[in-house]
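Numbers here are sequence positions counted from 1.
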Amino acid sequence: MRLALTMTGARSGVAAEPLLIAAFCLLWSAAFAVSKIALADCPPLLLLSIRFLVAGAITLAGAGMLHANWRLAWRDGLVLAAIGMGNKARYLGFSDSGMRTASAGLTALIVSTNPALTALLAACFLGERVTVRKIIGLALGVAGVAFIVESRVASGAASIPGIALIVLALMSLVGGTILFKRFAPSANLVVGNGVQTLAGGLALIPFAFAFESVSEIVPTWRLLAAIAYLVLCGSVVAYLLWFHLLTVFGATAASAYHFLMPPLGMLFGWILLGEHVDARDLIGVLPVAVGIYLVTRPGHKRR
């Protein structure tokens, strides 16, 4: 199912895909800083459990209002649940836990390297072609991100355990991306996202109550506003856009847009949290931008 914006753009003769890509990048990158704000008043696993359960209920309610096709085979349901545990529960569980001792900008930087791993695994498991141009682009992107990360680590702005948790989050996101493309569950996009979100929330509940306490939650307007953004913009809209981009562009090309997250993540970290942005951070953005162009540029068709 195409998103409403895509269909509207097609009818008016305007290409809607660039708008969807821009919306995804802005919503996704801002979520790192907003999550950091919420973590000041709520432990990560309880925060994510609330976020996923509410977002899943809203998404499925929206699917009902849109009269979406609810028919779902057992195989597709299991695949969607597994993707929800990887792309939602494990990915955000690890990243939010790591972000307690790392900046939102650094978290966005590490997670943005997922196109490199996605391209490698897509070639192994999905049969997607990895050309020399894409390899050079991915190498430039990773080098630019690594250059920025090294500067942040050297300044002592993050701890090694926090970085390790964020790396585990990266691996979980890549695994969920490959799983989605490998098994291609034939479900309505809205229904599929709702099933994944609920599965992620249900999977996190036992761990949340085992390792965290409700008494740690500090009810504030700041926390309420952050949860509202994370539920509506992060778990509903951004993930619908993400799986739409996966379907349209393929795993490698869609994941390449995560290379836009370093500058955007740093920007939102600076605006919302006052995180420091060094000159080395700005220098590292250049190879990242070149890498995006090389990875996503369509190849020349032979006659």
Side-chain angles (χ1 to χ4, degrees), residues 27-59 78-114 117-118 158-180 193-217 223 226-236 238-239 242-243 255 258 261 265:
L27 293 175
W28 189 285
S29 58
F32 291 100
V34 176
S35 294
K36 183 81 171 180
I37 292 173
L39 289 172
D41 299 319
C42 184
L45 300 184
L46 284 172
L47 172 65
L48 291 173
S49 297
I50 297 170
R51 170 182 173 179
F52 290 155
L53 293 177
V54 175
I58 292 175
T59 302
L78 291 174
V79 171
L80 288 171
I83 295 172
M85 293 177 188
N87 257 356
K88 294 181 184 289
R90 286 195 298 271
Y91 160 52
L92 289 174
F94 285 132
S95 67
D96 279 15
S97 298
M99 206 171 357
R100 301 187 88 176
T101 56
S103 68
L106 179 59
T107 304
L109 289 171
I110 296 175
V111 171
S112 70
T113 61
N114 89 81
L117 293 178
T118 300
S159 67
I160 298 301
I163 294 175
L165 287 172
I166 298 170
V167 171
L168 288 176
L170 165 66
M171 296 172 63
S172 299
L173 178 60
V174 171
T177 301
I178 296 298
L179 191 63
F180 178 82
N193 188 50
V195 171
Q196 293 173 61
T197 306
L198 279 180
L202 292 173
L204 282 174
I205 287 177
F207 297 96
F209 284 100
F211 297 104
E212 298 172 351
S213 174
V214 177
S215 61
E216 298 179 65
I217 299 176
L223 175 61
I227 291 177
Y229 178 89
L230 293 172
V231 167
L232 297 175
C233 298
S235 290
V236 178
Y239 267 97
W242 170 238
F243 287 112
S255 295
H258 281 267
M261 303 310 168

From [X] atom [atom1] to [Y] atom [atom2], the distance as rounded to the nearest 0.5 Å:
X      : Y      : atom1 : atom2 : value
Ile83  : Asn193 : CD1   : CG    : 10.5 Å
Phe52  : Thr59  : CZ    : OG1   : 11.0 Å
Ile37  : Leu230 : CD1   : CG    : 9.0 Å
Leu173 : Ser95  : CG    : OG    : 9.0 Å

Listed once per pair and sorted, the salt bridge (charged side-chain N to carboxylate O under 4.0 Å, His left out) pairs that draw on residues 34-56, sequence neighbours left out:
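Listed once each, the pairs are Asp41-Arg222.
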Parallel, tilted or perpendicular: which fits the ring planes of Tyr91 and Trp28, with parallel below 30° and perpendicular above 60°?
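Correct class here is parallel.
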Residues in side-chain contact (heavy atoms from CB on, under 4.5 Å) with [X], at least two apart?
X      : result
Leu39  : Pro44, Leu47, Asp96, Met99, Arg100
Leu202 : Leu53, Ile205
Ala55  : Thr197, Val231, Ser235, Val236
Phe207 : Leu45, Phe211

If you look at every heavy atom in [X] and [Y], which pair is closest and at what distance?
X      : Y      : result
Ile217 : Cys42  : CG1-SG, 3.8 Å
Ser49  : Gly201 : OG-O, 4.2 Å
Ala203 : Ala89  : CB-CB, 4.5 Å
Leu27  : Ala238 : CB-CB, 4.2 Å
Gly176 : Asn87  : CA-OD1, 3.6 Å
Ala108 : Phe32  : CB-CD1, 3.8 Å

Can you find a pair of side-chain heavy atoms, one from Leu92 and one from Leu204, that are under 4.5 Å apart?
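Side-chain contact under 4.5 Å: no.
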Under 3.5 Å, side chain of Glu216 to main-chain N/O of Pro43, donor-acceptor pair present?
no
So, Thr107 side chain and Ser103 main chain: donor-acceptor pair closer than 3.5 Å or not?
yes
Does any pair with a residue in residues 162-174 pass side chain to side chain donor-acceptor pair (under 3.5 Å), and if so which ones, sequence neighbours excluded?
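Passing the test, one end in residues 162-174: no pairs.
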List the atom pairs, donor and acceptor, that lie under 3.5 Å between side-chain atoms in residues 160-170 and the rest of the protein, sequence neighbours left out.
none

